[in-house]
Colleague: 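Please read through the structure below; I'll follow up with questions.
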Number of protein chains: 2
Amino acid sequence: MAANSQFAMAVHILTFLAKKGDQNLKSDMIAQSVNTNPVVIRRILGQLAQADLVASQTGASGGTRLALPPEKICLVEVYKAVSCGEVFALPIRQANQDCPVGRNIESVLCNLQKAIDRSVAEKLGEFSLANVLEMVDLEDTVAP
Amino acid sequence: MAANSQFAMAVHILTFLAKKGDQNLKSDMIAQSVNTNPVVIRRILGQLAQADLVASQTGASGGTRLALPPEKICLVEVYKAVSCGEVFALPIRQANQDCPVGRNIESVLCNLQKAIDRSVAEKLGEFSLANVLEMVDLEDTVAP
DNA sequence: GTGTATTGTAACTATACTTGTTACAGTTAT
DNA sequence: ATAACTGTAACAAGTATAGTTACAATACAC
C-alpha cells in the first residue's frame with residue numbers, strides 16, 4: 001500500500017499551528033502548507049483533537065489551534081494519536097500449532113514487538129513540538 | 001495494505017532452521033510451520049540469502065540451512081535484510097516551498113526518521129537468533 | 001544419461017490500506 | 001439571513017502484501 005505518512009503530516013500541521021500562534025487556522029491554509037486536500041488535514045486534526053492536542057471550532061471564523069503550549073506537546077503523544085503504532089506486523093494466519101516453533105513463536109514475536117514499540121516511544125519522548133519548531137527555524141536560517 | 005509481516009515470518013523461518021540444525025530444509029516443510037505457501041517462504045529466504053544469513057541449494061535433496069550459528073545471527077541483520085526499514089513514512093507530495101514551515105519541515109522529519117530507525121536498530125541489536133530460540137523453548141516448557 | 005526433487009522467479013489475483021476528492025449536514029460569527 | 005467553517009460519509013485511484021500457479025534451471029540418485 002501507500003506508506004502511512006500521517007505522523008509526518010501531523011507533525012507538520014502542529015508545527016504550522018505553533019508557528020502561527022494563538023489564532024484559529026482554517027484547514028484550507030494548513031492544506032496549502034502541506035500541499036494536500038483540506039479534508040486530509042481535517043481528518044488528522046480530528047485524531048489530534050481526540051488526543052486533546054488541538055482544539056477546533058466550527059462555524060464562520062472557526063478553525064483549529066493548539067490546545068497546549070508547544071513545550072507541553074510531546075511527539076510520543078502525536079505518534080499515539082495518529083498511528084496504530086506497530087513497527088512490524090505479525091502474520092495474519094496463525095502458525096501451525098502442531099509445530100513446536102509455530103506454537104510458540106507468536107508470543108515471542110509479540111513480546112519483541114512490544115519491546116521495539118517501547119523503544120520507539122522512548123525516543124519520540126525526547127522531542128517536544130517546541131524542539132521541532134526550533135529545528136525548523138534553524139534550518140531556515142542556515143538554508144542555502 | 002495488508003501490513004508487512006515479512007520480518008515476523010523471517011524470524012519464524014530462521015528459528016525453524018535453527019531448531020532443525022544442520023540439514024537442508026525444504027521450503028515446503030517451512031511453509032507448513034508458518035502456515036503459508038512455499039513460494040512466500042522462498043521469497044523471504046531469497047532475501048535472507050542475499051544477506052548471507054542462510055544458504056540454499058537447488059536440485060534434488062536441496063533446501064536451505066543457516067549460514068551462521070544462531071548466536072551469530074542478530075535480529076538487526078534480519079530486519080535490514082527483509083525490510084525497507086522506516087518506522088513512519090514521509091509524505092509523497094512535496095510541501096509548499098513558499099511556506100517557512102513547509103520549506104524546512106521535510107529535512108527535520110527526515111532526521112527524526114533516522115533517529116527513530118537508529119533506536120529500533122539498537123533495540124533489535126540486543127537479540128540474537130539464539131535468544132529467540134531460547135525464548136521459544138522456554139515458552140514450550142511453561143505452556144498451559 | 002534419465003528421471004526426480006527442489007529452488008528461483010515471473011505473472012497474476014485478491015485483498016486491504018492510504019490518499020485524494022466531492023458532497024453535504026451542522027454550526028457559528030457578523 | 002448569509003457566509004464561512006468544521007465534521008464526516010462516500011467513493012475513486014494508486015499501491016503494497018500475500019497467496020497462488022506455472023515453469024525453467026539445477027543437482028542428486030540410480
Side-chain angles (χ1 to χ4, degrees), chain A residues 1-10 12-13 17 23-51 54-65 67 82-96, chain B residues 1-10 12-13 17 23-51 54-65 67 82-96:
Chain A
M1 71 181 120
N4 187 324
S5 59
Q6 286 185 77
F7 173 70
M9 286 197 277
H12 184 154
I13 292 169
L17 291 176
Q23 42 179 324
N24 279 339
L25 293 188
K26 328 296 175 206
S27 59
D28 225 6
M29 291 181 207
I30 307 174
Q32 277 175 34
S33 175
V34 179
N35 186 25
T36 185
N37 191 293
V39 175
V40 173
I41 300 297
R42 294 205 289 269
R43 277 205 282 250
I44 293 172
L45 284 175
Q47 297 180 272
L48 296 175
Q50 274 200 308
V54 302
S56 291
Q57 228 182 4
T58 60
S61 82
T64 306
R65 62 178 65 198
V82 298
S83 140
C84 309
E86 269 103 30
V87 172
F88 63 86
L90 302 178
I92 298 161
R93 298 198 185 182
Q94 192 185 38
N96 184 352
Chain B
M1 70 179 130
N4 187 325
S5 59
Q6 286 186 77
F7 173 70
M9 286 198 277
H12 185 154
I13 293 169
L17 291 176
Q23 41 177 327
N24 279 339
L25 293 188
K26 327 297 174 203
S27 59
D28 226 6
M29 294 183 206
I30 307 174
Q32 278 176 33
S33 176
V34 178
N35 186 25
T36 185
N37 191 292
V39 175
V40 172
I41 300 297
R42 294 206 288 269
R43 278 206 280 249
I44 293 171
L45 284 175
Q47 298 180 272
L48 297 175
Q50 274 200 308
V54 302
S56 292
Q57 229 182 2
T58 61
S61 82
T64 306
R65 60 178 66 198
V82 299
S83 140
C84 310
E86 268 103 30
V87 171
F88 64 85
L90 301 178
I92 298 160
R93 298 198 185 182
Q94 192 184 39
N96 183 351

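In what follows, every chain begins at residue 1, and chains take the letters A, B, ... in the order their sequences are listed.
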Colleague: Evaluate the side-chain proximity of A:Arg42 to A:Ile44: yes if any heavy-atom separation is below 4.5 Å, no if none is.
Modeller: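 Of all side-chain heavy-atom pairs linking A:Arg42 with A:Ile44, none is under 4.5 Å.
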Colleague: In whole angstrom, what separates A:Leu45's CG from C:dT19's P?
Modeller: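 Atom-to-atom, A:Leu45 to C:dT19, this comes out as 14 Å.
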Colleague: Within this structure, what is the CD1-to-P distance between B:Ile92 and D:dT15, rounded to whole angstrom?
Modeller: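 It works out to 8 Å between those atoms.
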Colleague: Compare all side-chain heavy atoms of A:Leu17 with those of A:Arg65 and state whether any distance is below 4.5 angstrom.
Modeller: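 A:Leu17 does not reach A:Arg65 side chain to side chain.
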Colleague: Of the candidate nucleotides C:dT9, C:dT19, D:dA18, which contains the atom at the shortest distance from the side chain of B:Arg42?
Modeller: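 Per side-chain heavy atoms of B:Arg42, the pick is C:dT9.
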Colleague: Just the rounded figure in Å: distance from P of D:dA18 to CZ of A:Phe88.
Modeller: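 Computing the A:Phe88:CZ to D:dA18:P distance gives 13 Å.
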Colleague: For A:Leu45 and A:Val54, which heavy atoms make the closest approach, and how far apart are they?
Modeller: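 Closest pair (atom of A:Leu45, atom of A:Val54, distance): O-CG2, 3.8 Å.
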Colleague: Find the distance A:Asn4:CG to D:dT17:P and express it as a whole number of Å.
Modeller: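 Result: 14 Å.
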Colleague: Dump the intermediate steps for side chain to side chain contact (heavy atoms under 4.5 Å, CB included) on B:Met29 and B:Lys26, then the final yes or no.
Modeller: CA-CA 5 Å; B:Met29 294 183 206; B:Lys26 327 297 174 203; 3.5 Å; yes
Colleague: Short question: side chain of A:Asn35, backbone of B:Arg93 - any donor-acceptor pair under 3.5 Å?
Modeller: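 No, A:Asn35 side chain to B:Arg93 backbone: no donor-acceptor pair under 3.5 Å.
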Colleague: If you take any heavy atom closer than 4.0 Å to DNA chain D, which residues from residues 54-64 of chain B end up in contact?
Modeller: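 Result for residues 54-64 of chain B: B:Gln57, B:Thr58, B:Gly59, B:Ala60, B:Ser61, sorted by number.
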Colleague: Take atom CG of A:Leu17 and atom C1' of D:dT6, then tell me their distance rounded to the nearest Å.
Modeller: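 Atom-to-atom, A:Leu17 to D:dT6, this comes out as 14 Å.
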Colleague: Within the 4.5 Å heavy-atom criterion, are A:Val39 and A:Arg43 side-chain neighbours or not?
Modeller: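 With C-beta onward as the side chain, the pair touches.
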Colleague: Please confirm whether the shortest side-chain N or O distance from B:Ser27 to OP1 or OP2 of C:dT6 is below 4.0 Å.
Modeller: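 It does not, given that no N or O in the side chain of B:Ser27 lies less than 4.0 Å from OP1 or OP2 of C:dT6.
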Colleague: Touch check for B:Leu25, heavy atoms < 4.0 angstrom, all strands: base, sugar-phosphate only, or nothing?
Modeller: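 Sugar-phosphate: the residue B:Leu25, judged by heavy atoms under 4.0 Å, touches backbone atoms but no base.
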Colleague: Could you check which residues of residues 31-41 of chain A get a heavy atom under 4.0 Å from DNA chain C? Sort them by number, please.
Modeller: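 A:Thr36, A:Asn37, A:Val39, A:Val40, in order of number.
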Colleague: With side chains defined as the heavy atoms from C-beta onward, is the minimum distance between B:Val34 and A:Asn96 less than 4.5 Å?
Modeller: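 Sidechains of A:Asn96 and B:Val34: no contact.
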Colleague: For B:Asp28 and D:dT21, give me the distance from atom CG to atom P, rounded to whole Å.
Modeller: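 Interatomic distance, CG of B:Asp28 to P of D:dT21: 13 Å.
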Colleague: Please report the interatomic distance CD1(B:Ile41) to CD1(B:Ile13), rounded to the nearest 0.5 Å.
Modeller: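 Here the interatomic distance stands at 4.0 Å.
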Colleague: Whole-Å distance between D:dT17 P and B:Met9 CE?
Modeller: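 So the two atoms are 10 Å apart, to the nearest Å.
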Colleague: If only side-chain N and O atoms count, and only distance matters, is there a donor-acceptor pair under 3.5 Å linking B:Asn24 with B:Gln57?
Modeller: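 The answer is yes; a qualifying pair exists.
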Colleague: Classify the nucleic acid contact of A:Arg93 as base, sugar-phosphate or nothing, counting any heavy atom under 4.0 Å across all strands shown.
Modeller: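 Contact class for A:Arg93: sugar-phosphate only.
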Colleague: Return the value, rounded to whole Å, for the distance between atom CZ of B:Phe7 and atom P of D:dA18.
Modeller: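 So the CZ-P distance, B:Phe7 to D:dA18, works out to 14 Å.
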